[in-house]
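Input: a single structure, listed below in structure tokens.
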Amino acid sequence: MIYEGQELPKHALVMVGLPARGKTYIARKIARYLSWLGYDTRTFNVGEYRRSQVGARQPASFFDPDDESTSGVREAIARRALDDMVGWLIGGGEVAIYDATNTEKSRRDAIWQRCHAVGIQVVFVESICEDERVVERNVRDNKLRSPDYADVAPEEAVRDFRQRIAFYERNYEPVDEPDRSYVKIIDEGRQVVVNRMAGYFSARLMFFLMNIHPARRKIWLTRHGESVFNTEERIGGDSDLSARGLSYARSLADHMLKQPKTDQLVVWTSTLKRAVQTATHLGIRPVARRALDEIDAGICDGMTYEEIKRDLPEEFSARRGDKFRYRYPRGESYADVIQRLEPIIVDLERQRHPILVVAHQAIIRALYGYLTGRPQEECPHVPIPLHTIVELTPTAYGYEEHRVELEPSLPDRSDAPLSMGPWPQG
Ligand code: F6P
């Protein structure tokens, strides 16, 4: 990725922390966020290397730092993952995440030296958590489901995992290297300590890390109800809802108000009439956000796909050739939409209440792409029909998806055959 006219320096984000401190959760979130923003990002999880090289079922004693036979094996596994990571970055990757405990300073020094020698910038991302209840929750929610404990009775697995943590605690040296770049996330974001984080990429990462938290809340995504422009197959504009769209607004409210914790529901809409009108029956004052407005179709705004094909055939086929990067003259591309949605994503991460987003086809595709970890270029093709709610329920590391079709699924005229066929459409 090019930024400010220069190529992004290669980065290694090196996780640090005792087991069950949410490192993998944070690592996956960073990976999803950076990939969605267009950085070529890859995670190197040393636990996965261990499982593939020596098998998942290793007792806690395998992690005993005083057992020379096993610490040598663990060192070799970590080195292998590091070699792969450095090789991948040298070979063209942009941001690598090295997901391991890295609790000893000597290990961190070795990683730093190795990366520094080939021009890779290292940022340590440490997760510290002293709250026993949080550690217990992490062990029970995540670790017991790990392949390390498949078929092991829960209480035995907890006992073994606690022993593993105790082994790591023996030699744990929290990051305190004044010359290194690091971010320490303390007690799930209650406090964030930052050292030597300069430049655009680091600031972006820091901003994101300061807003994420592991509290689980549902997210609902929906397009507005059918609009007058939808019935005429016109794109963009700012028309009112059609009769069918108004009916969806009522069904949406009925459905949402049956959900748990609706007294806490946060509702965001775009500033366009069709989205605001869709949220009117919820009885909750929505927050209208301009960043959620539909993709700007520039000179094509208000036209039908048929008219674009007839009057602007070059534009039509350029978009067909690369729907993700194609920018409407005086308008936007999907790539532009993603950049403008970045603050919305950070705000979405920050929210601890259930949230409903009422927006538009391209916008919901981009948000959905982020939340479900789809590659950027797939976004413009994700099917997001009208009158359907996408319900996302958080799981240990992602979301489980459930779609609810509320109004009879009459053909969505804006997704007409033209847009399904020659005009690429999910
Ligand atoms: O047709 C409805 C609509 O929301 C238009 O306003 C918008 O231009 C279009 O969908 C985005 O979908 P696509 O990128 O598939 O053209």
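These figures come from a predicted structure and were not determined experimentally. Atoms within a ligand are numbered from 1 in the order they appear, just like the ligands themselves. Atom set for the values below is all heavy atoms of this structure, side chains included, hydrogens, waters and symmetry mates excluded.
Under 4.0 angstrom from ligand 1, the non-hydrogen atoms of R365 all belong to its side chain. Residue contacts with ligand 1, taken as heavy atom pairs separated by less than 4.0 Å, involve Y334 solely via side-chain atoms from C-beta onward.
The shell of residues lying under 4.0 angstrom from ligand 1, judged by heavy atoms, excludes F229.
Residue H224 has no nitrogen or oxygen atom sitting less than 3.5 Å from a nitrogen or oxygen atom of ligand 1, judged on distance alone. Considering both main-chain and side-chain atoms, R319 comes within under 3.5 Å of ligand 1 through a nitrogen or oxygen pair. Looking at ligand 1, you won't find any N or O of R223 less than 3.5 Å from one of its N or O atoms. Residue-to-ligand polar distances place G236 within reach of ligand 1: an N/O pair is separated by less than 3.5 Å.
Within the 4.5 Å cutoff, side-chain heavy atoms of K218 are placed close to those of W220.
For ligand 1, the atoms lying closer than 4.0 Å to a non-hydrogen atom of I295 are 8 (O). Those atoms of ligand 1 with a heavy atom of K323 less than 4.0 angstrom away are 13 (P), 14 (O), 15 (O).
Annotation: Y326 is not in aromatic contact with F324 [ring centroid separation under 6.0 Å not met].
By the 4.0 Å N-to-carboxylate-O rule, R204 lies close enough to E342 to be salt-bridged with it.
Using a 30° and 60° split on the angle between ring planes, H116 and W112 fall in the parallel class, below 30°. Aromatic ring pairs are classed by plane angle as parallel below 30°, tilted from 30° to 60° and perpendicular above 60°; the pair Y33 and Y370 is perpendicular.
Sequence neighbours left out, the pairs with a member in residues 251-279 that pass salt bridge (charged side-chain N to carboxylate O under 4.0 Å, His left out) are D240-K273.
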Could you pull out every donor-acceptor pair under 3.5 Å between side chains of residues 15-25 and any protein atom, sequence neighbours left out?
| unit_1 | atom_1 | unit_2 | atom_2 | d |
| --- | --- | --- | --- | --- |
| R21 | NE | C129 | O | 3.3 |
| R21 | NH1 | P19 | O | 3.1 |
| R21 | NH2 | C129 | O | 3.3 |
| K23 | NZ | G17 | O | 3.1 |
| K23 | NZ | L18 | O | 2.8 |
| T24 | OG1 | D99 | OD2 | 2.8 |
| Y25 | OH | H213 | O | 3.2 |

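The closest non-hydrogen atom to atom 4 (O) of ligand 1, taken over R234, E294, E233, H360, comes from E294.
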